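Structure, as structure tokens:
Computed from a prediction, not measured in an experiment: that's the story for all the values here. Atom set for the values below is all heavy atoms of this structure, side chains included, hydrogens, waters and symmetry mates excluded. This chain uses plain numbering: 1 for the first residue, then up along the sequence.
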Amino acid sequence: ANKYHNLVMQGMFALGATMSAYVGQNFGKKELGRIRTGVRTAVTIAVVYGIVAGILVMEPSVLIADEATAMLDPSGRKEVLKTIKRLNREKGITVVWITHFMEEAAQADRVIVMDHGRIALEDTPRHVFARMDKVLSLGLDVPEMMKLAAKLRARGVKVPNDIMNVEEMAVALCRLK
């Protein structure tokens, strides 16, 4: 038996159960965007399990995910990211993650920002996003905590300019005298 049999079966069961629930709600041919977010997320997560099973069977060294979480709600995005990170960590699969969600990009080991087909910035997320003016000038955003840190610095609060998340912000604020 294939070493991924259980994962494939789990993915197929999740997809089948979710699709049964989906069809049972009589959505017919509604556009995906008009379906309740929770149902859309459940269907997407089930599809992701099926895709992951297929990926594991093929045993690729690289996975390219282009806007893989674009239509998902926050919980769906979190589930997909968790699964992809696990593939990277446990199977050593290199992941090229293409996204416009900067909170997702901030979780990467390395960020490459493209501008009209050319590399505009390339470094760790911390170093890329610390160049906030450049990132914003390219029409992108930066993580919310970096924006908050910039606003605090503008008001004279001495916090670092490379705060990436809530935990780092809490530490920086607790260190203030």
Side-chain angles (χ1 to χ4, degrees), residues 31-49 51-52 55 60-177:
E31 293 177 24
L32 186 60
R34 294 180 60 207
I35 298 168
R36 281 183 318 133
T37 303
V39 173
R40 185 172 61 226
T41 298
V43 169
T44 303
I45 289 171
V47 170
V48 167
Y49 280 126
I51 291 170
V52 167
I55 290 168
S61 59
V62 178
L63 171 65
I64 300 173
D66 188 358
E67 300 289 351
T69 62
M71 293 286 291
L72 300 179
D73 64 2
S75 66
R77 282 199 300 272
K78 184 177 178 181
E79 183 67 28
V80 170
L81 279 169
K82 182 176 84 173
T83 302
I84 296 300
K85 284 180 178 181
R86 194 176 83 225
L87 281 173
N88 172 256
R89 185 179 61 250
E90 294 175 8
K91 301 294 179 190
I93 297 173
T94 298
V95 177
V96 177
W97 191 260
I98 302 165
T99 185
H100 281 86
F101 291 114
M102 295 304 107
E103 302 297 335
E104 291 178 7
Q107 297 176 48
D109 295 327
R110 185 154 207 78
V111 172
I112 300 172
V113 178
M114 303 297 292
D115 182 32
H116 295 94
R118 297 187 187 273
I119 295 174
L121 295 167
E122 179 181 4
D123 210 329
T124 63
R126 187 171 306 281
H127 288 109
V128 166
F129 292 126
R131 297 188 58 195
M132 188 180 326
D133 291 339
K134 175 71 173 172
V135 173
L136 294 173
S137 76
L138 292 168
L140 298 174
D141 207 354
V142 296
E144 291 299 317
M145 289 300 108
M146 284 201 145
K147 288 192 261 186
L148 178 58
K151 289 178 183 177
L152 290 171
R153 282 192 312 279
R155 292 179 175 232
V157 179
K158 295 183 180 185
V159 294
N161 70 338
D162 64 348
I163 294 175
M164 297 284 288
N165 55 49
V166 172
E167 293 80 16
E168 291 177 10
M169 179 61 78
V171 169
L173 293 174
C174 288
R175 289 184 178 157
L176 295 175
K177 302 206 186 254

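When all heavy atoms of His100 and Glu67 are compared, the closest pair comes out as ND1-OE2, 2.5 Å. Listed here is the closest heavy atom pair of Asp141 and Met102: O-CG, 2.8 Å. Scanning both residues, Ala172 and Val159, for their nearest heavy atoms gives CB-CG1, 4.3 Å. Contact between Glu104 and Arg77 at its shortest, heavy atoms only, is OE2-CD, 3.2 Å. Closest of all the heavy-atom pairs between Val62 and Ile93 is C-CG2, 4.1 Å. Taking each heavy atom of Glu168 and Met164 in turn, the nearest pair found is OE1-N, 2.8 Å.
Here the straight-line distance linking atom CZ of Arg131 with atom CG of Asn161 works out to 12.0 Å at 0.5 Å rounding. Rounding to the nearest 0.5 Å places CD of Gln107 at 13.0 Å from NZ of Lys82. Met114 contributes atom CE, which lies 9.5 Å from atom CD1 of Ile98 (distance to the nearest 0.5 angstrom). Separating the CD1 atom in Ile163 from the CZ atom in Arg126 is a distance of 9.0 Å, to the nearest 0.5 Å. Note that OG1 of Thr99 is 10.0 Å distant from CG of Leu140, once rounded to the nearest 0.5 Å. Taking CG from Asp66 and CH2 from Trp97, the interatomic distance works out to 10.0 Å, rounded to the nearest 0.5 Å.
Counting heavy-atom neighbours within 6.0 Å of Asp109 CG, excluding the residue itself, gives a total of 12 or less. A 6.0 Å sphere centred on CG of Leu148 holds more than 12 heavy atoms belonging to other residues, nucleotides or ligands.
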Table please: side-chain donor-acceptor pairs of residues 116-125 below 3.5 Å, with sequence neighbours left out.
{"residue": "Thr124", "atom": "OG1", "partner": "His127", "partner atom": "N", "Å": "3.3"}
{"residue": "Thr124", "atom": "OG1", "partner": "His127", "partner atom": "ND1", "Å": "2.8"}

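The shortest distance between side-chain heavy atoms of Leu176 and Val157 falls below 4.5 Å.
The main-chain N or O of Asn165 is never found under 3.5 Å from a side-chain atom of Glu103 such that the two would form a donor-acceptor pair.
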